[in-house]
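A short write-up of the structure that comes next.
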2 protein chains.
Amino acid sequence: MDKISVCIVEDEPELLKLFSQIIESSPDLSCYLAVDNCENALKNMADFCPDVVLMDINLPGMNGIEGTRKVKSLCPNCDIIMLTIQEENDYVFDSLCAGASGYLLKDSSPNKILQAIIEVKSGGSPMSPSIARKVIKSFHPAINNPLSDRELEVLKKLTQGQNYNTIANSLFISGNTVKAHIKNIYRKLEVNSRASAVEKAIHKRLI
Amino acid sequence: MDKISVCIVEDEPELLKLFSQIIESSPDLSCYLAVDNCENALKNMADFCPDVVLMDINLPGMNGIEGTRKVKSLCPNCDIIMLTIQEENDYVFDSLCAGASGYLLKDSSPNKILQAIIEVKSGGSPMSPSIARKVIKSFHPAINNPLSDRELEVLKKLTQGQNYNTIANSLFISGNTVKAHIKNIYRKLEVNSRASAVEKAIHKRLI
DNA sequence: TGTTAAATACCCCAAATGGGTAATTAGCTA
DNA sequence: TAGCTAATTACCCATTTGGGGTATTTAACA
């Protein structure tokens, strides 16, 4: 089997050098490209798609999240591992939504980085433990759910696009009562339309 | 520091025995409870909350997903690791939504299982590689997005609860045009209301 | 015991929504 | 070149929605 070809995008020269040395130290990996910005990486990738990209986030010019989006549209089969000090939620989730398949913090050991590259190519998604927990937590139910059980029932049906009367019939209550519940839901979620109620309910994991 | 107390819920006697032996073989862990159904686990947990629960999914009586929900409401600080052969998407995501913090397949090595218990207590979320990929994939953008760029713009504003005219003003087009776009969005997403459009857009990762 | 929240039900009304039809322009493809 | 789709605009009309009220019953709670 061929070596796994890796591209590194990292603007700190020492780190770029360190990472490429780590890659080249493995008999299974080959550092195909080591650049300090996304623009150069993309230019080279038009001709050849590497197997894996290690991507920093804070970069001069295009940032690593936008870069990830662009790499994925250019090379859909390329697996991207974020390798960054950024561990704020926004960075993590924006990266994943842009198409990243892994997320390592820069304090990861050389061995972890090598393992991660192998793992991502074997169909896994290597993440630093704290990142994995953030991701998993995003599925956990809301801790401060202000809605009553009945309101939650109504909210679920709202989400399915049902109107006052359909909801009323399925819950065996009057349309006016449904309306009253929806008013209370809006007040508690601080919204004033079905669309934003659904959006908020999903993102707060209420349903 | 005290040993990490572990509870195992597993209905196959050989596996239950094997897992408890693995736990007891570690100087840092203690198998506090080993039972073959959730009902018994919950009965015991009313008095004492273990640090970690290893939870099977296929169980006689209450299944492991419902069990996870119940354990979390009884012991919010307890970390639950699913340990199961089930790797269908529904099982994975339902487990996480029920409150699980890790998900291992039963073919994991004893060493992986021990590592996972330590890791989950250190604030990580241990997952088998294929499970991690499923989770990460759920954040990736839709591959078959049927909407045009303009329709996506409108959809985003729909999601924010904006009405025809507000959307029209922010896009510098007429309200009638917005309406036409929304009609096309509804047709393509096969929905007929803002609420279900928002629901579908979020779950298909269109926005 | 008084208070509060939840669930139920009703009223009115202005505004927003969804469905139908139709036309023009521009760009892309077979 | 003919045909298709996307984007834009416009109109009509019935239904739905959201905001403003008010009121009763029940259960929980301090």
Side-chain angles (χ1 to χ4, degrees), chain A residues 73-74 141-207, chain B residues 46 73-74 76 141-207:
Chain A
S73 72
L74 209 56
I143 14 70
N144 53 350
N145 179 347
L147 303 184
S148 70
D149 291 347
R150 198 53 155 174
E151 285 160 357
L152 271 186
E153 284 186 276
V154 173
L155 183 56
K156 266 179 209 155
K157 292 175 189 295
L158 264 196
T159 304
Q160 293 157 14
Q162 297 188 29
N163 63 23
Y164 288 139
N165 288 326
T166 317
I167 298 175
N169 289 335
S170 65
L171 294 182
F172 307 106
I173 54 180
S174 91
N176 288 311
T177 307
V178 174
K179 198 170 173 178
H181 284 308
I182 293 181
K183 279 184 198 178
N184 288 326
I185 292 170
Y186 286 1
R187 182 175 41 80
K188 292 180 178 179
L189 297 185
E190 297 174 292
V191 298
N192 53 14
S193 73
R194 287 164 177 246
S196 18
V198 170
E199 192 276 337
K200 208 141 196 177
I202 296 179
H203 280 130
K204 290 187 113 185
R205 299 248 136 237
L206 302 180
I207 47 164
Chain B
S73 71
L74 209 55
I143 16 71
N144 53 351
N145 180 348
L147 303 184
S148 71
D149 290 348
R150 198 54 156 173
E151 285 160 356
L152 270 186
E153 285 187 277
V154 173
L155 183 56
K156 267 179 209 157
K157 292 177 190 294
L158 264 196
T159 304
Q160 293 158 15
Q162 296 189 30
N163 63 22
Y164 289 138
N165 288 326
T166 317
I167 298 175
N169 289 335
S170 65
L171 294 181
F172 305 105
I173 55 180
S174 89
N176 288 312
T177 307
V178 173
K179 200 171 172 179
H181 285 308
I182 292 182
K183 280 184 199 179
N184 288 327
I185 292 171
Y186 286 1
R187 180 175 42 78
K188 292 180 179 179
L189 297 185
E190 297 174 292
V191 298
N192 53 15
S193 72
R194 289 168 173 240
S196 19
V198 170
E199 192 276 338
K200 208 144 197 175
I202 296 180
H203 281 130
K204 289 187 115 188
R205 300 246 135 239
L206 302 180
I207 49 163

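Residue numbering restarts at 1 for every chain, and letters A, B, ... go by the order of the sequence lines.
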Any Arg150(B) side-chain N or O less than 4.0 Å from OP1/OP2 of dA6(D): no
Which pairs, with at least one residue in residues 144-162 of chain A and sequence neighbours excluded, count as a salt bridge (charged side-chain N to carboxylate O under 4.0 Å, His left out)? Arg150(A)-Glu153(A), Glu151(A)-Lys188(A)
Could you walk me through whether Leu171(A) and Thr177(A) pass the side chain to side chain contact (heavy atoms under 4.5 Å, CB included) check? CA-CA 10 Å; Leu171(A) 294 182; Thr177(A) 307; over 6 Å; no
Residue pair Tyr164(A)/Ser148(B) against DNA chain D: nearer the 5' end by closest nucleotide is Ser148(B)
Passing candidate, side chain to side chain donor-acceptor pair (under 3.5 Å) with His203(B), options Lys200(B), Glu199(B), Arg205(B): Glu199(B)
Can you name the closest pair of heavy atoms from Leu206(B) and Ala142(B) and give their distance? CD2-CB, 3.8 Å
Estimate the overall bend of the helix from dT1(C)-dA30(D) to dA30(C)-dT1(D) from the end axes over five pairs each, rounded to 10 degrees. 60°
Evaluate the side chain to side chain contact (heavy atoms under 4.5 Å, CB included) criterion for residues Thr166(A) and Asn163(A): first the C-alpha distance (whole Å), next the side-chain angles of each, then the deciding distance (0.1 Å), finally the verdict. CA-CA 5 Å; Thr166(A) 317; Asn163(A) 63 23; 2.6 Å; yes
Test item: Tyr164(A) side-chain N/O and Ser174(A) main-chain N/O as donor-acceptor pair under 3.5 Å: no
Locate the shortest heavy-atom distance separating Ala46(B) from Leu74(B); write the atom from each residue and the value. N-CD2, 4.1 Å
Asn184(A) side, atom CG; Leu155(A) side, atom CG - distance, nearest 0.5 Å: 12.5 Å
To the nearest 0.5 Å, what is the distance between OG on Ser193(B) and CD1 on Ile182(B)? 11.5 Å
Gap between atoms CG and P, on Asp149(B) and dA7(D) respectively (whole Å): 7 Å
Do Ile173(A) and His181(A) pass the side chain to side chain contact (heavy atoms under 4.5 Å, CB included) test, and can you show the C-alpha distance, the side-chain angles, and the key distance before you say yes or no? CA-CA 11 Å; Ile173(A) 54 180; His181(A) 284 308; 4.2 Å; yes
Starting at atom CG of Leu152(B), determine the distance to atom C1' of dA6(D), rounded to an integer number of angstrom. 13 Å
Within residues 168-176 of chain A, the residues having a heavy atom closer than 4.0 Å to DNA chain C are Ile173(A), Ser174(A), Asn176(A)
Counting only non-hydrogen atoms, which of residues 177-207 of chain B are less than 4.0 Å from DNA chain D? Thr177(B), Lys179(B), Ala180(B), His181(B), Lys188(B)
Nearest 0.5 Å, what's the CD1-CG distance between Ile207(A) and Leu152(A)? 8.5 Å
Minimum heavy-atom separation for Leu158(B) and Ala195(A), please, with both atom names. O-CB, 3.3 Å
How would nucleotides 23-30 of chain D be written as a contact map, 5' to 3', with B for base contact, S for sugar-phosphate-only contact and - for no contact, using protein heavy atoms under 4.0 Å? --------
Ignoring hydrogens and geometry, is there a side-chain-to-backbone donor-acceptor pair from Arg194(A) to Ser196(B) under 3.5 Å? no
Earliest and latest nucleotide of DNA chain C, 5' to 3', sitting under 4.0 Å from a non-hydrogen atom of chain B? dA16(C) to dT21(C)
